[in-house]
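Data block below; observations after.
Note that the structure is a prediction, hence the values are computed from the model and not measured. Scope of the values below: all heavy atoms of this structure, side chains included, with no hydrogens, waters or symmetry mates. Each ligand, and each atom within it, is numbered from 1 in the order the structure gives.
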Amino acid sequence: MSKVIAVNAGSSSLKFKLYEMPEEKVICSGIADRIGHTDAIFAIKVGDGEKDITICNIQDHALAVEMLLEALVDKGVVKSLKEIKGIGHRIVQGGAYFSHSEELNDRTEKLIEELIPLAPLHNAAHLVGYRAFKKALPGVKHVAVFDTAFHQTMEPEDYMYACPIEYYEKYKVRRYGAHGTSHLYLSQQAQIYLKNHENKIISCHIGSGASLCAIKNGKCVATSMGLTPLAGVMMGTRTGDIDASVMPYLVKQTGKDAETIYQEFNKKSGLLGISCISNDTRDVEKAALEGNPKAVLACKMYARRVADYIGQYFVRLGGCDVIVFSAGVGENSPYFRKIIIDQVKEALHIELDDAVNETIFGGKEGIISKPTSQIPVVVIPTNEEVMIARDIVSVLKIK
Ligand code: ADP
């Protein structure tokens, strides 16, 4: 039995899960949030116990890591920090360098650093997290698990943008996708719903960020996010696909600079931008059911955009053996699942079981289509952390 830590470091947060492997048992989990603030939050939960929350000054990631390691010993989760055999880091952008997880060492660190311009906030924050753990636990090996790796099997005609090719050659401008670890997990979990080893899956990871993935025989052939997570379907606060001309047009018309509008496309658009209510599907759904016209429009647009990608991927894959819903909205919102499937059910001969659909939320897994549906529709709660834990074990060859 070995203990490993799956880490997701953001610019002001550090989420962690300590696993006992190979059992894949979560023995401790938590988060340091609002790092850099005097009223930062440190929350830790051991097993199924109560969450222990402390509000305190956490000036940087190094202190957050120290607090975590100290808490592991204090709470008796480990007798000694020597029990920790590996640490895995979620890395948002692996560019074209990484098609699978790799040991995070000086060489891979340099490559991740080189990719910072493609994901400035994320990759920089991941490295801050990595360096903090490296310093606190000098003997332990690290693994980098990339959100983009699963999408590296896309063909050039899927990942290239039709702009001057020198932008690809000089600046690496292309589609990389995101949520790859989740889509890979979902494609593996979905196998139990499939009869044949060779199969076609449309995976819908729809949470506050949302992406779809077309998967053939376990490999990604297309995905909806692009150079960055702004592309693809409409999201909580992101536009999804938008004509690039909107940007210079708005710069001229509003007098705002491109960066401001870009921030609006990322943070003030999507469900929030259209409904003027919230980025949270729960609030927008409630307002739509009460007849608020902007909320109704927001829901219809959201469903249409996801449905259009399902249709596109059905054609791209030459059929589909299962549609998977996952992440915050996909796992928890019968309403959104229904309005999405309503848009494709006629063309794809899908029959949703409305009664069953209403019962699947809060971490439950199950089929929500009728046995007569030509394509089964399933809800599978995603689990990116367990994928990180598995990769720590396999990359570091932990026994
Ligand atoms: P992230 O991209 O931050 O990981 P999640 O996958 O956790 O996002 O999704 C968060 C979103 O999921 C929320 O903003 C909300 O829109 C939606 N959501 C979460 N829980 C529910 C629920 N019980 N019912 C409907 N929607 C939910």
**Complete:** Note: heavy atom closest to atom 2 (O) of ligand 1, options S278, P334, S326, S208, belongs to S208

**Complete:** the protein heavy atom lying closest to atom 24 (N) of ligand 1 turns out to be R282 CG, 3.3 Å

**Prompt:** Within a reach of under 6.0 Å around CD of E166, are more than 12 heavy atoms found that belong to other residues, nucleotides or ligands?
**Reply:** yes

**Request:** Please step through side chain to side chain contact (heavy atoms under 4.5 Å, CB included) for the pair V377 and I367, ending with a clear verdict.
**Result:** CA-CA 6 Å; V377 183; I367 303 178; over 6 Å; no

**Request:** Measure from atom 27 (C) of ligand 1 to every heavy atom in S182, G328, G236 and give the option owning the shortest one.
**Result:** G328

**Message:** Does the protein come close to atom 4 (O) of ligand 1 - that is, does one of its heavy atoms sit below 4.0 Å from that atom?
**Reply:** no

**Item:** Cation-pi geometry met for K364 and F361 (6.0 Å, 45°)
**Value:** yes

**Prompt:** Considering only the protein, which heavy-atom contact is closest to atom 23 (N) of ligand 1, and what is its distance?
**Reply:** N332 CB, 3.5 Å

**Message:** Could you walk me through whether M234 and I274 satisfy the side chain to side chain contact (heavy atoms under 4.5 Å, CB included) test, starting with their C-alpha distance in whole Å, then the side-chain angles of each, then the deciding distance to 0.1 Å, before giving a yes or no?
**Reply:** CA-CA 10 Å; M234 174 173 164; I274 298 296; 4.2 Å; yes

**Complete:** For G209, the atoms of ligand 1 under 4.0 Å from one of its heavy atoms are 2 (O)

**Request:** For residues F265 and M247, report the shortest heavy-atom separation together with the two atoms involved.
**Result:** CE1-CE, 4.3 Å

**Request:** Mind telling me whether F146 and F98 have parallel, tilted or perpendicular rings, with 30° and 60° as the class edges?
**Result:** parallel

**Asked** Considering only protein heavy atoms, which is closest to atom 17 (C) of ligand 1, and at what distance to one decimal place?
**Response** T281 OG1, 3.4 Å

